Structures are given as C-alpha cells and as structure tokens.
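Worksheet: the structure to be examined is printed underneath.
Just so we're on the same page: letters track the sequence lines, and every chain starts at 1. Quick caveat, the model's predicted, so the values are computed rather than measured.
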2 protein chains.
Amino acid sequence: MEELDRTATARLRQSGQRYTDSRAQLVHLLSTSDRPLTIPEILNERTGMPQSSVYRNLAVLEDAGLVQRVASSDDWARFELAEDLTEHHHHQICTKCGEVRDFTLPHHLETSLDDCLSSVATATGFTLQHHRLDLVGLCESCTS
Amino acid sequence: MEELDRTATARLRQSGQRYTDSRAQLVHLLSTSDRPLTIPEILNERTGMPQSSVYRNLAVLEDAGLVQRVASSDDWARFELAEDLTEHHHHQICTKCGEVRDFTLPHHLETSLDDCLSSVATATGFTLQHHRLDLVGLCESCTS
DNA sequence: CTCAGTGCAAAGGATTTGCATGCCG
DNA sequence: CGGCATGCAAATCCTTTGCACTGAG
C-alpha cells in the first residue's frame, strides 16, 4: 500500500500534480475493490467528495497513468487501477444490469494469446499497448 | 445481401416492426463497412436522414438483434452488424483518435479461447453470451 | 382507419468547465 | 506569493423523447 502511494506520488509529480488526500482516497478505494467502480459508487463510499472533484481527480489520475476507465454495457464510466498496478485480469460484463466483475485466465492461455496478438498488431502496423478480453453475458443475479 | 434483407425483415417482424427504407439503408451501410461506424459517420454517408431517426432506427435494429453497439475509447457509440450476421472478429482500438478497425484471430486460438472462457463462465455462475477481445493501442496514423 | 415510422425541436443526463476561494510548497 | 486543488453552479454534448404529421397495410 505504501508502495502504491509512492508510485502514485511519483507519477503525479511527473504530470506536475500533487498526491492529495482526495486522490489518495480514490486510489485506495479502487485498489481495495475487486471490480471497477462507477462514479455513484465512489460517491457513496466517499461521502463528502463532490462529483466534480471525483471526476476531475479521476481524470488527473488517468492522465498520470494510475487509473483507467472501463467500458461497460450501461452508460456509466467505471474506473479501476491501471493495469500495471494490479494483477492482469479481465472482466465479466452483465448485459442486463451493467455490473462488471474481475476474473483471470490460466497463464498459458494468456501467454499464447499475447504472442498471437503481438503478431497481429505488428502485421497491421498497430502499436499494441495492451489487450482487453471481456466476457459478455448475464451475471448470476440477472440469470432468472 | 438479399439473404441479409430477409433475415432483417424476419427479425424485425418478430419485434412487431417493419423493415423500412431507412432501416435497410442502415443495415446495408453497416454490412459494407470493415469497421464499426459512429453516428456522425453514418449521417455523412446517408445525408438526408435526421439524427433522431438514425438513433431511433439503430435502437430498433439493436432490439431486433440485427445491430450491436461497440464501445470505444472516445465517447461516441459505434455500431456494427450483429455477431451472427458477420464473421466473428475483434477490434483494434486507437487510444488517441478512437478509431476502431476489425481483425480476426487464427481459428485454433479462437477455439481454445472459447473453451476456456466457457469453463470460466460456468465456474462463476455467469451465463456467457459472447466474448469481446480488443487490441488497445495506437493506429498506424497516430503512431508518430 | 390504425398504428408504426419520421422529423423537428426540446428535454435528459452523465460529464466537463468557469470562476472564486483555499491551501501546499 | 504562485499555482495546484477544491466546490459550487452553470454549461456541454451525445443521446433520448414529445408531439404532430405521413404513409403503409
């Protein structure tokens, strides 16, 4: 956790910004969640922080490469810690309620996937930053 | 193409809707594109169709299972023909300009991926509808 | 005739921004 | 002090909706 704070401080400093309390709260909240969070969820957890600050700080954190935005099926942005600050994982996205959950893939499949995607990218002149693999379907509570 | 029109007519009829000219235009436009299109792009191609009709018809087509929405990195919705009307494919998403391009994966990898994802889904009580695999990075023109 | 489809303009709603104030360095 | 950070409220902008009109069956 302290490690995380140090990384955060460093990356923010690089963008000429400070690691304020609000930002630390956001980072800590995201780092302890097992899934990406929406703004409303963040607001509920962190009463006292106004929407605009949440949006603004998440944007700053995103710029600094500490946080990333996750697309879902509803129209709410979700946020999680940046790839390199967490274990590499994927998302289960519910098409009914929009809920997003994390999951991981067996290492060998992940590896061959990576190799293959790299060559596809190279072949098409695309500079690969990372890949995104999502399961789309119905979460347990929406299966009725 | 006639096959496509027949499918469209049938699926729309099931939702109690007609396969009108506007809708046919949208379907044809999407079916001839090698990537998902944004509303502005659709409006440019199909001058004369007002925004509200485009949005409304795309919603109807989505309901009927003919068209699906694609998430990107910018905040514009993109649309493509439904999975089962096209070859299964994936997307290269540019983080700079938001551009989305289609690409496909070797069959064997696709198969083992599918198998694996099915078992992950089963294990977590998730009802898998389909998967989504995207390459995220910089497209050729944004690599500078 | 009926009811889906269309177009225009106005409304919605998540997200962003202007501006004045507070605060760390 | 200077510039980042914060909060409130107002503005943005993609998208959706209300309503009146047209047209297919």
* **Protein-nucleotide distance (A/Leu58, atom CG; D/dA5, atom P), rounded to Å** => 14 Å
* Looking for any heavy atom pair under 4.0 Å, which part of the strands does A/Thr20 touch: base, sugar-phosphate only, or nothing? -> sugar-phosphate
* Structure fact -> Atom CZ of B/Arg13 and atom C1' of D/dG25 are separated, to the nearest Å, by 12 Å
* Structure fact -> Bend of the helix from C/dC1-D/dG25 to C/dG25-D/dC1 from end-axis comparison, five pairs per end, nearest 10°, comes to 30°
* Asked: With distance as the sole test, does A/His89 use its side chain to make a donor-acceptor pair with the main-chain N or O of A/Glu87 at under 3.5 Å?
  -> yes
* Would you say the side chains of B/His131 and B/Glu110 form a donor-acceptor pair under 3.5 Å? -> yes
* Within the side chain of A/Arg132, is there an N or O that forms a donor-acceptor pair under 3.5 Å with the backbone of B/Val136? -> no
* Can you spot which of B/Val27, B/Leu66, B/Thr9 makes a side chain to side chain contact (heavy atoms under 4.5 Å, CB included) with B/Leu4? => B/Val27
* Kindly point out which of D/dG18, D/dT6, C/dA4 is positioned nearest to the side chain of A/Arg56? => D/dT6
* So, is A/Gln51 near the phosphate of C/dT15, with a side-chain N or O under 4.0 Å from OP1 or OP2? -> no
* Whole angstrom value for the distance that separates P of D/dG25 from CD of B/Gln17 -> 15 Å
* **Atom pair distance, as rounded to whole Å: CD in A/Glu62 and P in C/dT15** => 12 Å
* Asked: Tell me, for nucleotides 20-25 of chain C in 5' to 3' order, what letter each nucleotide earns: B for a base near a protein heavy atom under 4.0 Å, S for only sugar-phosphate near one, - for neither?
  -> ----B-
* Asked: Is the phosphate of D/dT6, meaning OP1 or OP2, less than 4.0 Å from a side-chain N or O of A/Arg23?
  -> yes
* What is the distance from CG of B/Leu43 to P of C/dT6, rounded to the nearest Å? -> 14 Å
* For D/dA5, does OP1 or OP2 lie under 4.0 Å from any side-chain N or O of A/Ser22? -> no
* Structure fact -> Result for 5'-nearest mapping on DNA chain D, choosing between B/Trp76 and B/Ser52, is B/Trp76
* Asked: Do the side chain of B/Ser112 and the main chain of B/His108 share a donor and acceptor less than 3.5 angstrom apart?
  -> yes
* Contact class for B/Ala77 (heavy atom, under 4.0 Å): base, sugar-phosphate, or nothing? -> sugar-phosphate
* **Nearest-angstrom distance from the residue atom CG of B/Leu26 to C1' of C/dG5** => 13 Å
* side-chain N/O B/Tyr55 vs D/dT15 OP1/OP2, d < 4.0 Å -> yes
* Asked: Is there side-chain contact between A/Leu30 and A/Phe79, with heavy atoms separated by less than 4.5 Å?
  -> yes
* Between A/His88 and A/His107, ring centroids under 6.0 Å -> no
* Asked: Any side-chain donor paired with an acceptor under 3.5 Å for B/Gln68 and B/Glu62?
  -> no
* Could you state the CG-P distance from B/Asp21 to D/dT22, rounded to the nearest angstrom? -> 18 Å
* **A/Ser53 vs D/dT6: side-chain N/O to OP1/OP2 distance below 4.0 Å** => no
* Between atom OH in B/Tyr19 and atom P in D/dA24, what is the gap in whole Å? -> 17 Å
* To do: Taking atom types as modelled, find out whether A/Glu80 and A/Thr86 have a side-chain donor-acceptor pair closer than 3.5 angstrom.
  => no
* **Check: A/Pro36 main-chain N/O paired with A/Ser33 side-chain donor or acceptor under 3.5 Å** => no
* To do: Considering just the side-chain nitrogens and oxygens of B/Asn57, establish if one lies under 4.0 Å of OP1 or OP2 belonging to C/dG5.
  => no
